[in-house]
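Everything below concerns the one structure shown next.
In listed order, ligands and their atoms are each counted from 1. The first residue in the sequence is number 1, and the count goes up from there.
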Amino acid sequence: MSNYRIDTNCIHAGYHPENGEPRVLPIVQSTTYKYETAKNMGQLFDLEVPGFFYTRLANPTLDAVEQKIAAMEGGVGAMLTSSGQAASLISIFNICRAGGHVVCSSAIYGGTFNLFYKTMAEMGIEFTFISPESTEEEIHQAFKENTRCVFAETLANPSLVVTDLELFAKAAHAHGVPLIVDNTFPTPINCRPFEFGADIVIHSTTKYMDGHAVQVGGVIVDSGKFDWTNGKFPEFTEPDESYHGVVYTERFGNAAYIVKARTHLMRDLGAQAAPQNAFLLNLGLETLALRMERHCSNALTVAKYLQQHDKVAWVNYPGLESSKYHRLAQKYMPNGSCGVVSFGVKGGRDAAVTFMEGLKLASIVTHVADLRTCVLHPASTTHRQLSDEQLVEAGVSPDLVRFSVGIEHPQDILDDLAQALQRV
Ligand code: PLP
């Protein structure tokens with residue numbers, strides 16, 4: 001399947017029914033799987049043979065969707081998780097335990113920031129947040145002896161900062177550690193971070209990948225390219241006693257990272273996706289290429305409209321030539337970035353609220369990256385825990401309105417914007 005283009009992989013990768021089997025990916029709603037002998041079952045537990053034995057670790061519906069996403073990103077394997085948050089946590093925790101350190105871009109989703117800054121810090125993992133616009137020298141300065149990885153978002157939510165992936169990957173590799181990238185906003189349709197040096201990709205599949213707002217989910221994808229035998233990662237090269245001494249790099253080669261994420265962390269943390277959710281996600285993936293095209297063209301139309309509106313203070317959309325991230329967006333996502341446009345209404349916070357409450361077609365929701373146009377004021381919702389200083393570091397000004405452009409007819413979205421802005 002991997003020779004097909006990504007549009008085709010969105011539909012066909014991961015599931016290949018045999019003669020007489022269901023054409024549509026079935027939901028295997030079973031926690032458990034039957035085996036003829038205890039020996040058979042024991043081999044599965046010891047990771048000696050592949051197969052399903054308990055849905056916390058693997059399930060045929062999840063497996064098909066994981067293979068599809070791995071093909072779309074160009075990776076060697078993937079693992080679905082119960083949420084994007086779980087994907088962020090596991091992607092780092094798989095290689096960084098108490099006493100470890102992570103270099104992280106400060107332009108990240110507010111929930112991810114809380115996870116890192118509070119919860120993972122309480123677990124003994126230290127984070128150094130750096131500007132996404134850091135020079136190579138500045139990135140190098142953030143590293144410590146115990147740095148285990150670098151983390152960034154391809155296209156940050158909601159600041160729409162475009163990360164210079166090649167620069168971040170180069171710095172990470174110079175220190176012998178991988179670059180983990182949250183690729184939720186562009187999706188692999190618009191950007192495939194492995195092609196620019198990223199080693200691990202994660203997503204909140206709750207967003208565009210699903211696109212219909214019907215399930216919360218996440219995924220971790222392994223490029224298979226990082227060398228875990230470089231001496232810095234004994235968890236891959238020394239025996240894991242909890243699996244009768246398995247050495248991940250010896251047994252699983254270039255899939256060591258993603259196998260360990262499953263057999264070690266999914267086994268112990270249990271943040272697995274539900275088969276029903278994987279089925280719903282798969283339906284979303286089937287139309288992802290089509291939807292992203294429309295999201296991007298609608299968003300550009302909206303951004304251009306807002307840019308010339310006299311009640312709008314500023315507009316940020318990487319597709320606009322006026323955006324300071326336009327050059328990087330052209331390099332990393334030349335076919336379009338995403339459907340999210342951020343802007344400020346003249347009059348600040350109060351004007352933003354009046355505008356939002358005047359919208360009729362677009363609804364005020366916490367969600368983003370949905371096929372229905374939706375809107376949010378991050379400073380008073382998703383990012384409300386952040387101090388003013390942290391808001392600035394995350395690229396979220398108090399007047400920032402996050403407008404997530406859907407796939408409705410563009411003129412209906414413009415008409416809605418026009419009447420809501422008139423109220424301000
Ligand atoms: N990463 C990004 C870029 C997000 O926008 C979000 C949620 O908005 C997450 C991760 C967390 O994902 P979830 O809400 O599925 O846990």
Original post:
Do Pro26 and Tyr15 have side-chain heavy atoms sitting under 4.5 Å apart?
Top reply: yes
Which atom pairs, nitrogen or oxygen on both sides, join ligand 1 and the protein at under 3.5 angstrom?
| unit_1 | atom_1 | unit_2 | atom_2 | d |
| --- | --- | --- | --- | --- |
| ligand 1 | 1 (N) | Asp182 | OD2 | 2.6 |
| ligand 1 | 5 (O) | Asn157 | ND2 | 2.7 |
| ligand 1 | 8 (O) | Lys207 | NZ | 2.8 |
| ligand 1 | 12 (O) | Ser204 | OG | 3.0 |
| ligand 1 | 15 (O) | Gly84 | N | 2.9 |
| ligand 1 | 15 (O) | Ser204 | OG | 2.8 |
| ligand 1 | 15 (O) | Thr206 | OG1 | 2.6 |
| ligand 1 | 16 (O) | Gly84 | N | 3.0 |
| ligand 1 | 16 (O) | Gln85 | N | 2.9 |

**OP:** Evaluate whether atom CD of Glu122 has more than 12 neighbouring non-hydrogen atoms of other residues, nucleotides or ligands under 6.0 angstrom away.
**Re:** yes
**OP:** Measure up the Phe226 and His173 rings against each other and bin them: parallel (under 30°), tilted (30 to 60°), perpendicular (over 60°).
**Re:** tilted
**OP:** Would you sort out whether Met79 and Leu57 count as a side-chain contact (heavy atoms from CB on, under 4.5 Å), showing the intermediate values?
**Re:** CA-CA 10 Å; Met79 181 177 80; Leu57 278 137; over 6 Å; no
**OP:** May I ask you to test the Pro378-Arg402 pair for a side-chain heavy-atom distance under 4.5 Å?
**Re:** yes
Name each donor-acceptor pair under 3.5 Å that joins a side chain in residues 344-363 to protein atoms two or more places apart or in another chain, with its distance.
| unit_1 | atom_1 | unit_2 | atom_2 | d |
| --- | --- | --- | --- | --- |
| Lys346 | NZ | Asp310 | O | 2.7 |
| Thr354 | OG1 | Asp350 | O | 3.0 |

